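See below for the structure under consideration.
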Amino acid sequence: MKILTLNCHSWQEENQIAKIKYLAQIIQEKSYDVISLQEVSQSIDKPYIYDNIRENNFALVLLQELKTLGSTEYSFVWDLAHIAYETYEEGVAILTKHPMIEKHSFFVSKGTDVINHWKARKIVGTTITYNNNLISFYSCHMGWWHDEEEPFKNQADNLLQHVNKDETFFLMGDFNNNAFLKGEGYEYLLTHGLYDTYHLAEKKDEGITVKGKIMGWSDNKEDLRIDLILTNKPVQVEYSNVIFNNRNKSVVSDHFGVETKIVKL
């Protein structure tokens, strides 16, 4: 089972349409089973296509491009977390080529006003059947450890209260906590029984997903590993690779992605 997570920085990238087309090409080439996306935006003034999905929803446009390439098996779930840059409805999404048995959407932030509270955080997920196993995947875009208004610890606690610990699950996304720092959010998650697929992997690279300053890390001078794929079981992992970093495929966002292959659950 091949999975990918990417903070796609949607509609904030130069040559955005070209990058969507490229992302779709790589998804088709790699044939990922599940894809977790963060910063998945749509314009607040675009018409609705169905439910709360507007016509330029980044995940919808990506799905349409995949269909153009002949990859018609993918579907997605998306939900709104907050308003970004005053003109976008920003959320998180999961794409999968497997039938969705159940869909999940819930807040982990204290604030739930998606219009006026830009720090509102929502998790979106789905449960699929894979080799006769029920597995849940959650796309996570979390807050920062030292944020007094919306502390990461509270969000992490809320996240772990919502997931079904009796089944295998994967938490994928931008956790906004550097895995290289001791005593902060990354270690907090691992003390709650989670495994980092990066450390489980037989083959891995340096794991860096952010270099330099980006939104939310304006003072950053270090390499960061904040985009993670975590699980509640010690699964067998063949590899964990950073992707879209100009070494393993071209850059498509201000974050690099992480791809992982699970060979045994």
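Every value quoted in this text rests on a predicted model; they were computed, and no experiment measured them.
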Taking the side chain as everything from C-beta on, heavy atoms only, tell me whether [X] gets closer than 4.5 Å to [Y].
{"X": "F76", "Y": "L62", "value": "no"}
{"X": "L224", "Y": "F180", "value": "no"}
{"X": "S136", "Y": "N164", "value": "no"}
{"X": "L4", "Y": "K30", "value": "no"}
{"X": "Y130", "Y": "T168", "value": "no"}
{"X": "K233", "Y": "L265", "value": "no"}
{"X": "H146", "Y": "E184", "value": "yes"}
{"X": "I243", "Y": "I26", "value": "yes"}

Trace of the side chain to side chain contact (heavy atoms under 4.5 Å, CB included) decision for H117 with E149: CA-CA 11 Å; H117 188 50; E149 184 181 13; 3.3 Å; yes
Would N176 and F152 count as a side chain to side chain contact (heavy atoms under 4.5 Å, CB included) here? Give the steps. CA-CA 9 Å; N176 270 317; F152 175 87; over 6 Å; no
Stepwise, does the side chain to side chain donor-acceptor pair (under 3.5 Å) test hold for K97 with S31? CA-CA 9 Å; K97 60 168 58 176; S31 190; 2.3 Å; yes
Sub-3.5 Å donor-acceptor pair from the side chain of [X] to the main-chain atoms of [Y], do we have one?
{"X": "T209", "Y": "I226", "result": "yes"}
{"X": "S10", "Y": "E39", "result": "yes"}
{"X": "Q16", "Y": "W11", "result": "yes"}
{"X": "N178", "Y": "L181", "result": "no"}
{"X": "E150", "Y": "G111", "result": "yes"}
{"X": "Q155", "Y": "G143", "result": "yes"}
{"X": "S36", "Y": "M172", "result": "yes"}
{"X": "K46", "Y": "S43", "result": "no"}
{"X": "W78", "Y": "A59", "result": "no"}
{"X": "T127", "Y": "I135", "result": "no"}

So, applying salt bridge (Lys or Arg N to Asp or Glu O under 4.0 Å) with R225, which one of D205, D196, D174 is it?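 The salt bridge (Lys or Arg N to Asp or Glu O under 4.0 Å) with R225 is passed solely by D196 among D205, D196, D174.
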Working for salt bridge (charged side-chain N to carboxylate O under 4.0 Å, His left out), residues E206 and R247: CA-CA 12 Å; E206 74 284 352; R247 292 168 59 187; 3.4 Å; yes
Hey, quick one: are [X] and [Y] part of the same hydrophobic cluster, counting side-chain heavy atoms closer than 4.5 Å, chains of contacts allowed?
{"X": "L134", "Y": "V34", "result": "no"}
{"X": "F137", "Y": "V237", "result": "yes"}
{"X": "V92", "Y": "I83", "result": "no"}
{"X": "I229", "Y": "I262", "result": "yes"}
{"X": "V163", "Y": "L228", "result": "yes"}

When rounded to the nearest 0.5 angstrom, what is the spacing between [atom1] in [X] and [atom2] in [Y]?
{"X": "I128", "Y": "T96", "atom1": "CD1", "atom2": "OG1", "result": "4.5 Å"}
{"X": "S41", "Y": "Y85", "atom1": "OG", "atom2": "OH", "result": "8.0 Å"}
{"X": "L200", "Y": "Y195", "atom1": "CG", "atom2": "OH", "result": "8.0 Å"}
{"X": "H255", "Y": "H9", "atom1": "NE2", "atom2": "NE2", "result": "7.5 Å"}
{"X": "L194", "Y": "L160", "atom1": "CG", "atom2": "CG", "result": "5.5 Å"}
{"X": "D227", "Y": "T5", "atom1": "CG", "atom2": "OG1", "result": "6.5 Å"}

Identify the two heavy atoms, one from [X] and one from [Y], that lie closest to each other, and give their separation to 0.1 Å.
{"X": "S253", "Y": "L6", "result": "CB-CD1, 4.4 Å"}
{"X": "K19", "Y": "V252", "result": "CD-O, 3.6 Å"}
{"X": "N232", "Y": "E167", "result": "ND2-O, 3.0 Å"}
{"X": "V124", "Y": "I94", "result": "O-CG1, 3.8 Å"}
{"X": "A81", "Y": "A120", "result": "O-CB, 3.3 Å"}
{"X": "Y74", "Y": "L63", "result": "O-CD1, 3.2 Å"}

For Y22 and N15: C-alpha separation, side-chain torsions, deciding distance, then whether side chain to side chain contact (heavy atoms under 4.5 Å, CB included) applies. CA-CA 11 Å; Y22 179 74; N15 304 314; over 6 Å; no
Is the closest side-chain donor-acceptor distance between Y88 and N56 under 3.5 Å?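 There is no such pair (donor and acceptor under 3.5 Å, judged by atom type) between the side chains of Y88 and N56.
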Quick check on side-chain hydrogen bond (donor to acceptor under 3.5 Å, both in side chains): which of Q38, K122, H104 does S139 satisfy it with?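 Of all the options given, the one that passes is Q38.
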Between K261, H98, K2, which is the residue that forms a side-chain hydrogen bond (donor to acceptor under 3.5 Å, both in side chains) with D33? H98
Y198 and V258: side chain to side chain contact (heavy atoms under 4.5 Å, CB included), yes or no, with the steps? CA-CA 9 Å; Y198 175 81; V258 178; over 6 Å; no
Just wondering, are more than 12 heavy atoms of other shown residues or ligands nearer than 6.0 Å to NZ in K165?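 Check passes, neighbour count above 12.
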Would you call the rings of Y188 and W145 parallel, tilted or perpendicular if under 30° counts as parallel and over 60° as perpendicular?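 Y188 and W145: tilted rings.
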Output, in order, the C-alpha distance, side-chain angles, deciding distance and verdict of side chain to side chain donor-acceptor pair (under 3.5 Å) for N248 and E259. CA-CA 10 Å; N248 179 19; E259 59 173 0; 3.1 Å; yes
Where at least one partner belongs to residues 80-94, residue pairs that pass salt bridge (Lys or Arg N to Asp or Glu O under 4.0 Å), sequence neighbours excluded: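 For residues 80-94, and leaving out neighbouring residues, the salt bridge (Lys or Arg N to Asp or Glu O under 4.0 Å) pairs sorted by first residue read R54-E89.
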